[in-house]
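Here's the structure we're looking at; comments come further down.
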Amino acid sequence: SAGLAWTKRNISWRVKTYPRGARLSRETMRVLMYYALRVWGEAAPLTFHEVGGHSADISVEFLRQEHGDGSPFDGPGGMVAHAFFPGDPQRAGNVHFDSEEDWTFRAPDDDGMDLFAVAVHEFGHSLGLTHSPSKRSIMRPYYQGPVGDPLQYQLLADDRLDIQRLYGSRALHSTERPEVSTLLPALSALPRDFPALRSADHPDRCSSSIDAVTQIRGETFFFKGPYFWRLTQGRHLTSLRPALIAGFWRGLPSHLDKVDAVYERPTDYRILFFSGPLYWVFKDNSVEEGYPRPVTDFGLPRTGVDGAFSWPHDQKTYFFKDGLHWRYDEAAGHMDKGFPTHDTPWGPMPSPVDDVLSGNNGEVYAFKGRQYWKFDQHSLKPEGSYPRSIAKDWLDCTEEPYPPSSAPTSPMTGARPQPDVRAPLPEAEHCVCYSTSTC
Amino acid sequence: VPTPADESGELVDWLMQYGYLPPTDPVTGQLQTWEAVTSAILTMQQFAGIAETGILDDATLALIQMPRCSLPDILPSRPAKLSTGQHEKRQQRKSRGRR
């Protein structure tokens, strides 16, 4: 080993950038990263959880040529990836893949670079392992082709011993799986879309208001009735069709009509669902024991909430109901004094709001009806070119929801909405390619 | 001092890139000695588990053309921590007066 290891055992990760024009979808790449980390988590007592934002311990990027770390890539072949050791003061946890390689998965040996095999190797470096002269080691510096099914792959004895020298061993019972938390679908389900839908009774994303919106592991989820739409970290809709909430988050009642609010708890990355007088706590896709519980646990009214979100700026959770808002201290486990109040830090905010969302940079979005407002992260004031259409900016709807002449004025500022060239332009990812023959 | 042949420049770069040879001194521009290169090739062949010939043979050439991780195989050695005894001796030497 490089002699240095993470002092923590709970390690966050994220894929920060993806290659352009890759034959693998972003979702496939993320799933492969998840499984590559799981390989190490099976051998050592390490816990990996995927996060959004900018503060992941292990940050995966696809970069090309000179990219500012003193180790430029060289196009296809040659140097394909590198990662920095935990003891590197500036670059620890950075994992770089050459975006000019032809990254593949389940492709023949001589057809591109198997992303899973390379990722397992690079994560080994991220955890403190150096290159191994052993011909069978995953830490051998030379690319040796695919290593087989990520679901079945296990470290060889030498690699297992090497990682255990740094972190100790994980004693797993036969039915246990290591903890590598994520919201990714199972690998075997990847080529298919998200949960199958019944006929055409799902809501139309281009004409619906939303019940709730949240950001989980850096991805954005819009909820409407019993369904949700999912957007990747780059704000790409993963499917034009919504998926069933109860089909994805196992443990919510199958007859659930709607959710009022959802947020990811920053202290432990649990996901909280609020619907009427009840709330549920999820660890990834599975409900925790003992839920649902009444929302009065939080000191909230028994009628529930309109919206909730966690603000990274102050690490507090804000709840909204009928024009009032509460501020909850997650670390202390109680509401802050002086709440509820009508005066939010972000003002003026539409009332009552459908839900509120925080972006990666601390900016805040308020959603009401089919429109949303963006609040600047510094001034906390609504930006001038809002409200804008939720459907158009977030849910990949191309039609103009309002003719320019009849554009509504803002209930807060009186200004007519103007086109905003800075707004995201969502693209839909409709297919997943596994090899050139099936792409 | 004999220097590597021009056509081996790529090999020398490769050996330096992956830690088998120390980087050239940017001040003196001192080239790697051929003995050092040969020794580095032997180390590299040993690490890779191929025949240790000390020359750029076909197997070695194939190896350096393989896709690989860009981290070095041989990490620069860090200054070893002094043992207590060594530390005391150094302190004693420092404290001795000059003649």
Side-chain angles (χ1 to χ4, degrees), chain A residues 1-4 63 65 67 69-85 87-88 91 94-98 100-104 109-110 112-114 117-126 128-145, chain B residues 7-27 37-84 86:
Chain A
S1 81
L4 293 162
L63 303 162
Q65 303 293 332
H67 53 273
D69 65 359
S71 298
F73 286 126
D74 53 1
M79 293 175 275
V80 301
H82 53 242
F84 297 97
F85 298 120
D88 191 303
R91 304 171 297 182
N94 288 357
V95 183
H96 296 164
F97 294 85
D98 187 346
E100 293 185 300
E101 302 295 341
D102 185 14
W103 295 108
T104 58
D109 287 13
D110 55 353
M113 293 285 147
D114 187 83
V118 178
V120 175
H121 174 102
E122 298 305 334
F123 288 142
H125 289 316
S126 298
L129 298 183
T130 55
H131 283 152
S132 166
S134 167
K135 280 196 170 175
R136 298 181 64 207
S137 169
I138 194 68
M139 296 313 294
R140 184 172 167 81
Y142 306 99
Y143 175 68
Q144 299 166 91
Chain B
E7 61 268 27
S8 299
E10 191 184 344
L11 170 67
V12 171
D13 288 346
W14 191 97
L15 292 168
M16 285 195 294
Q17 164 87 34
Y18 297 114
Y20 293 100
L21 276 173
T24 49
D25 186 334
V27 179
V37 173
T38 304
S39 170
I41 294 172
L42 280 168
T43 310
M44 173 263 206
Q45 289 168 332
Q46 187 184 34
F47 195 93
I50 60 174
E52 295 172 41
T53 62
I55 59 168
L56 184 58
D57 52 23
D58 288 347
T60 310
L61 190 62
L63 207 63
I64 70 168
Q65 289 169 344
M66 279 182 76
R68 58 162 290 155
C69 173
S70 24
L71 285 201
D73 300 338
I74 312 293
L75 295 177
S77 55
R78 283 174 296 185
K81 280 186 179 174
L82 295 176
S83 66
T84 312
Q86 286 173 311

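Residue A/H96 does not touch chain B at all, counting heavy-atom pairs closer than 4.5 Å. Contacts between A/Q144 and chain B at a heavy-atom distance below 4.5 Å are absent for every atom of the residue. Interface remark: A/M139 contributes no atoms to any contact with chain B (heavy atom separation under 4.5 Å). Using a 4.5 Å cut-off between heavy atoms, B/L63 contacts chain A through both its backbone and its side chain. Only the side chain of B/Q17 comes within contact range of chain A, judged by heavy atoms closer than 4.5 Å. Proximity to chain B (any heavy atom under 4.5 Å) is shown, for A/S134, by neither the backbone nor the side chain.
A donor-acceptor distance shorter than 3.5 angstrom exists from the side chain of A/R140 to the backbone of B/A48, with no hydrogens or angles considered. Under the 3.5 Å distance criterion, the side-chain polar atoms of B/S70 are left unmatched by any main-chain donor or acceptor of A/M79.
A cation-pi arrangement, defined by a distance under 6.0 Å to the six-membered ring centre and an angle within 45 degrees of its axis, is absent between B/R68 and A/Y143.
When all heavy atoms of A/A83 and B/L71 are compared, the pair lying nearest together is O-CD1, 3.0 Å. Minimum heavy-atom separation, B/C69 to A/H121: CB-NE2, 3.4 Å.
With rounding to the nearest 0.5 angstrom, the CD1 atom of B/I64 is 9.0 Å from the OH atom of A/Y142.
Side-chain atoms of B/Y18 and A/H131, non-hydrogen and from C-beta on, never get closer than 4.5 Å to each other.
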